[in-house]
Amino acid sequence: MRMYDIIMKKRNGGKLTSEEIQCFIEGYTSGEIPDYQVSALMMAIYFRGMDEEETLDLTMAMAHSGDLLDLSAIEGIKVDKHSTGGVGDKTSLALAPMAAACGLRIAKMSGRGLGHTGGTIDKLESFAGFSTGICREHFIRQVNEIGISIMGQTADLAPADKKLYALRDVTATVDNMSLIASSIMSKKLAAGADAIVLDVKTGSGAFMKTLQDSLALAREMVRIGNGAGRRTIAVVSDMDQPLGRAVGNALEVKEAIDTLRGQGPADFVELCMTLGSQMLIAGGRAGEEGQAREMLREAVFSGAALEKMAEFVQAQGGDPRAVRDTSLLPRAIHVEPLPAKTDGYIQSIQCDEIGICSLLLGGGRETKESVIDLAVGLVLCAKVGDYVRAGEPLAYMHYNEPGRAAAARERFYQAYTFGQEKPPIPALIHEIMGQA
């Protein structure tokens, strides 16, 4: 089977067989097929597309290109949650302890942030000593003992995806629904969970900017997951403004802890409840949404979820005292109010611009080698639909380097638009797909 023939077949609009897809994935992963031929195939796929069967075959071939994480030693149904990424998205930090406190087994692999979106691992490293570089035996034992563990993604998990994504990134072939869906789902399937709950973001701070594209991506991933024999549910949620109030690693950790104390922002709490209820149902811990929500509320207000977070942090080498006393988390030297320059209702917030402000302060990575400042970021005082008067703070900026603050300050104001009429409040949850 020649790569030339596979490229030409797809270029001409043909459907690739499972064997052809397996051939090019194996050959590319091993280094036998060169970048230039795979680049040509990616461009052919970009223009000609792939049908549902091809997309599932591509996902499975990528998932099987390296190690498959065997979680059979963990008791019960394992449920994984994945977000497509956004600004202020600290959901896993609060949701994982909440779900584990309800008896769900949380065995999760997470990544680091790049660009304007944050990564779960970076946020967890706000706890002094915390490590996600644990071995698989420790990972599985910890889930069985306390119900929750989060480890970093290993290089041998879906290695074909890592190579393909790097190639797509420099050949203008990222933006294809089948390639995006297979990239995300290959890692989720390789990570070994029995059920997967996806948080698909939509809006200015999301990878998918339009609701139509986000719904299409969610539909595609649910199809792939179910086709691979994993119960898969997708929640399409809003990212046209930051989630919650805090943007920045340690600031988001503090907000997640506040949420576990029953003091979280309304939008963030609702997203945790929506995703958490789907996780509890998929994991067989609850029969319907009302019951699941009540279980999650009880986990918070009884203190069990907060205690579970402290237990989890300690099990992975972190200082659990910071869960009970958030002043022990990294703190910036300077905290500066950013006052409104006009009276009016906030009409919109360009969400990705707020993420870039945190990046400019040092809270994110411009390259994979960047060292991030865990203490910096923004805490918003007002969001879309709120009325503000000139001089009132729109947000507080936390920073360590004054030189970085100047660029972030200028960028911040460009993200807001104001008007004299109260705008409609954007819906937080747009759709849930794949429910039983």
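Sequence positions, counted from 1, serve as the residue numbers for this chain.
- With Ser65 contributing its side chain and Ala160 its backbone, the two residues share a donor-acceptor pair below 3.5 Å.
- Distance OG/Ser110 to NE2/His82: 9.5 Å, rounded to 0.5 Å.
- When all heavy atoms of Ala310 and Val323 are compared, the closest pair comes out as CA-CG2, 3.9 Å.
- In this structure, a donor-acceptor pair under 3.5 Å is absent between the side chains of Gln316 and Thr132.
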| task | Could you walk me through whether Cys357 and Leu378 pass the side chain to side chain contact (heavy atoms under 4.5 Å, CB included) test, one step at a time? | result | CA-CA 8 Å; Cys357 288; Leu378 297 157; 3.7 Å; yes

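- Between the CG atom of Leu215 and the OG1 atom of Thr202 there is a distance of 7.0 Å, given to the nearest 0.5 Å.
- Shortest non-hydrogen contact noted between Ala292 and Ile281 is CB-CG1, 4.5 Å.
- Shortest non-hydrogen contact noted between Ala63 and Leu68 is O-CD2, 3.1 Å.
- Counting heavy atoms from C-beta on, the side chains of Met177 and Leu217 come closer than 4.5 Å.
- Ion pairing between a basic and an acidic side chain is recognised when a charged N comes within 4.0 Å of a carboxylate O; Asp258 and Lys254 show such pairing.
- At a threshold of 4.0 Å, the pair Arg293-Glu270 counts as salt-bridged, since one of the basic side-chain nitrogens sits closer than that to a carboxylate oxygen.
- The main-chain N or O of Ile121 is never found under 3.5 Å from a side-chain atom of Lys123 such that the two would form a donor-acceptor pair.
- When side chains are defined from C-beta on, Thr232 does not count as touching Met221, because their heavy atoms never get closer than 4.5 Å.
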| request: Evaluate the side chain to side chain contact (heavy atoms under 4.5 Å, CB included) criterion for residues Arg409 and Phe412: first the C-alpha distance (whole Å), next the side-chain angles of each, then the deciding distance (0.1 Å), finally the verdict. | output: CA-CA 5 Å; Arg409 191 183 299 114; Phe412 173 82; 5.7 Å; no

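- Atom CD in Glu255 sits 6.5 Å away from atom CZ in Phe268 (nearest 0.5 Å).
- In this structure, the side chains of Lys383 and Arg245 come closer than 4.5 Å at one or more pairs of heavy atoms.
- Judged by distance alone, with hydrogens and angles left aside, the side-chain atoms of Glu20 form a donor-acceptor pair with the main-chain N or O of Thr17 at under 3.5 Å.
- Within 6.0 Å of the CZ atom in Arg141, the count of heavy atoms belonging to other residues, nucleotides or ligands exceeds 12.
- In this structure, the side chains of Ile257 and Leu306 come closer than 4.5 Å at one or more pairs of heavy atoms.
- Gln142 contributes a side-chain N or O that, together with a main-chain N or O of Ile148, makes up a donor-acceptor pair within less than 3.5 Å.
- For Thr55 and Ser182, the side-chain atoms include no donor-acceptor pair closer than 3.5 Å.
- Annotation: side chain of Leu380 is in contact with side chain of Pro242 (closest heavy-atom distance under 4.5 Å).
- Paired with Asp80 under the rule salt bridge (Lys or Arg N to Asp or Glu O under 4.0 Å), one option of Arg230, Arg231, Lys188, Arg105 passes, and it is Lys188.
- For the pair Asp199 and Lys201, the salt-bridge criterion is met [side-chain N within less than 4.0 Å of a carboxylate O].
- Among all heavy-atom pairs drawn from Ile21 and Leu16, the shortest one is CG1-CB, 3.9 Å.
- Side-chain N/O atoms of Asp35 and Tyr28 include a donor and acceptor closer than 3.5 Å.
- Looking at Pro423 and Val384, their side chains come closer than 4.5 Å, going by heavy atoms from C-beta outward.
- A donor-acceptor contact shorter than 3.5 Å is absent between the side chain of Ser358 and the backbone of Gly377.
- The side-chain heavy atoms of Phe207 and Asp213, taken from C-beta on, include no pair separated by under 4.5 Å.
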| Step by step, would you call Val253 with Thr326 a side chain to side chain contact (heavy atoms under 4.5 Å, CB included)? | CA-CA 9 Å; Val253 171; Thr326 55; over 6 Å; no

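- A perpendicular orientation is assigned to the rings of Phe312 and Phe130, their planes being inclined by more than 60° (bins at 30° and 60°).
- Using a 4.0 Å cut-off between charged side-chain N and carboxylate O, Lys10 and Glu54 make a salt bridge.
- For Glu401 (side chain) and Gly403 (main-chain N/O), no donor-acceptor pair under 3.5 Å exists by modelled atom type.
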| query | Can you list the steps and then say if Ile233 with Ile432 is a side chain to side chain contact (heavy atoms under 4.5 Å, CB included)? | reply | CA-CA 7 Å; Ile233 299 162; Ile432 302 176; 4.0 Å; yes

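- Surrounding CD of Glu410 are at most 12 heavy atoms belonging to other residues, nucleotides or ligands under 6.0 Å away.
- The two residues Phe139 and Leu69 have their closest heavy-atom pair at CE2-CD2, 4.0 Å.
- A pairwise comparison of heavy atoms in Gln241 and Asp238 identifies N-OD2, 4.0 Å as the closest pair.
- For the atom pair OG1 (Thr173) and CD1 (Ile180), the distance works out to 10.5 Å, reported to the nearest 0.5 Å.
- The distance from the CE atom of Met295 to the SG atom of Cys102 is 4.5 Å, given to the nearest 0.5 Å.
- Taking CG from Asp57 and NZ from Lys15, the interatomic distance works out to 8.0 Å, rounded to the nearest 0.5 Å.
- In this structure a side-chain-to-backbone donor-acceptor pair under 3.5 Å is missing from Asp319 to Gly129.
- At distances below 3.5 Å, at least one donor-acceptor pair connects side-chain atoms of Asp267 with backbone N or O atoms of Gly244.
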| Verdict with supporting geometry, Arg136 and Asp67, salt bridge (Lys or Arg N to Asp or Glu O under 4.0 Å) | CA-CA 12 Å; Arg136 295 186 185 191; Asp67 287 353; 3.6 Å; yes

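- Between Lys308 and Glu311, some side-chain heavy-atom pair lies under the 4.5 Å cut-off.
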